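Residue numbers run from 1 in the order of the sequence given. Indexing begins at 1, ligand by ligand and atom by atom, following the structure's order. Just so you know, these numbers come straight off a predicted model, no measurement behind them.
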Amino acid sequence: MVEEQLIPRGIHDERVLQAMATVPRHLFVEDAMQANAYGDFPLPIGKGQTISQPYIVALMTEALQLQGHERILEIGTGSGYQAAVLSRLCERVYTIERLDGLLGRARRMFDKLRYHNIVSRIDDGTRGWLDQAPFDGIIVTAGGPIIPQPLLDQLADPGRMIIPVGDHGVQELQLVIKQDGETTIHLIEQVRFVDLIGAHGWNN
Ligand code: SAH
């Protein structure tokens, strides 16, 4: 996966490549999908949701430029795979999922793998996690129509946020950089994420 998919497409952060090589992706997908877990495509994780293709996980992770000391907020825990990768690269991951069934499974896997620097909760992640803010990095793994204002407010300065923004089924991956009191937005590439549903996302 690392040598055939990530390096040829330009993922070069050694720590990201190392984390992607270490975290057992097959444990985060449904049993019937385990043989395909390292393939170059997204996979279903139940409840109509998907785990991103390995390249997209790597691309979004690399965009945060993690050094190891950061506190990161993730919206959309899903299978827990992205949170697991982040947990190898920063100090603490705060991850929010709106669907109960998915979070239970992810939590059991964090325990089993002893990824103890991941904390999680059930909530509408478009509101952020106010009492733990600000965050050095924010990663949103579902696509909404706008960048939720609470997430912008809860991003530290300096801080980086990576988020798909656009329409149902197709979005532009945006990198938001906050530095010296200014916020700039960079377009990365076109992506396809499931809907971000919430107060600052799509309606239920
Ligand atoms: N990062 C995940 C991919 C998750 S798919 C992984 O590595 O597997 C997107 C997830 O976002 C889904 O589980 C969906 O339920 C969740 N989601 C959608 N809107 C949300 C919201 N407002 N708050 C929290 N989670 C949300």
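Salt bridge status for Arg127 with Asp124: present, with a side-chain N to carboxylate O gap under 4.0 Å.
In this structure, the side chains of Val170 and Gln190 come closer than 4.5 Å at one or more pairs of heavy atoms.
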For ligand 1, list every N/O pair with the protein closer than 3.5 Å, one pair per line with the distance.
residue	atom	partner	partner atom	Å
ligand 1	1 (N)	Glu74	OE2	3.0
ligand 1	1 (N)	Gly76	O	2.9
ligand 1	1 (N)	Thr141	OG1	3.0
ligand 1	7 (O)	Gln82	N	3.0
ligand 1	8 (O)	Ser79	N	3.0
ligand 1	8 (O)	Ser79	OG	2.6
ligand 1	13 (O)	Glu97	OE1	2.7
ligand 1	13 (O)	Glu97	OE2	3.3
ligand 1	15 (O)	Glu97	OE2	2.6
ligand 1	19 (N)	Ile197	N	3.0
ligand 1	22 (N)	Asp124	OD1	3.0
ligand 1	22 (N)	Ile197	O	2.6
ligand 1	23 (N)	Gly125	N	2.8
ligand 1	25 (N)	Arg98	N	3.3

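The two residues Phe110 and Gly80 have their closest heavy-atom pair at CE2-O, 3.4 Å.
In this structure Asp40 satisfies the salt bridge (Lys or Arg N to Asp or Glu O under 4.0 Å) test together with Arg9, sequence neighbours excluded.
Residue pairs meeting the salt bridge (charged side-chain N to carboxylate O under 4.0 Å, His left out) criterion with at least one partner in residues 72-88, sequence neighbours excluded, are absent.
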Scan the side chains in residues 59-71 for donor-acceptor partners under 3.5 Å anywhere in the protein, sequence neighbours excluded, and list what turns up.
residue	atom	partner	partner atom	Å
Thr61	OG1	Val57	O	2.6
Thr61	OG1	Gln82	NE2	2.9
Glu62	OE2	His12	N	2.9
Glu62	OE2	Asp13	N	2.7
Glu70	OE1	Gln67	N	3.2
Glu70	OE1	Gly68	N	2.9
Glu70	OE2	Gln67	N	2.7
Arg71	NH1	Gln132	O	3.3
Arg71	NH1	Pro134	O	3.0
Arg71	NH2	Tyr94	OH	3.4
Arg71	NH2	Gln132	O	2.7
Arg71	NH2	Gln132	OE1	3.1

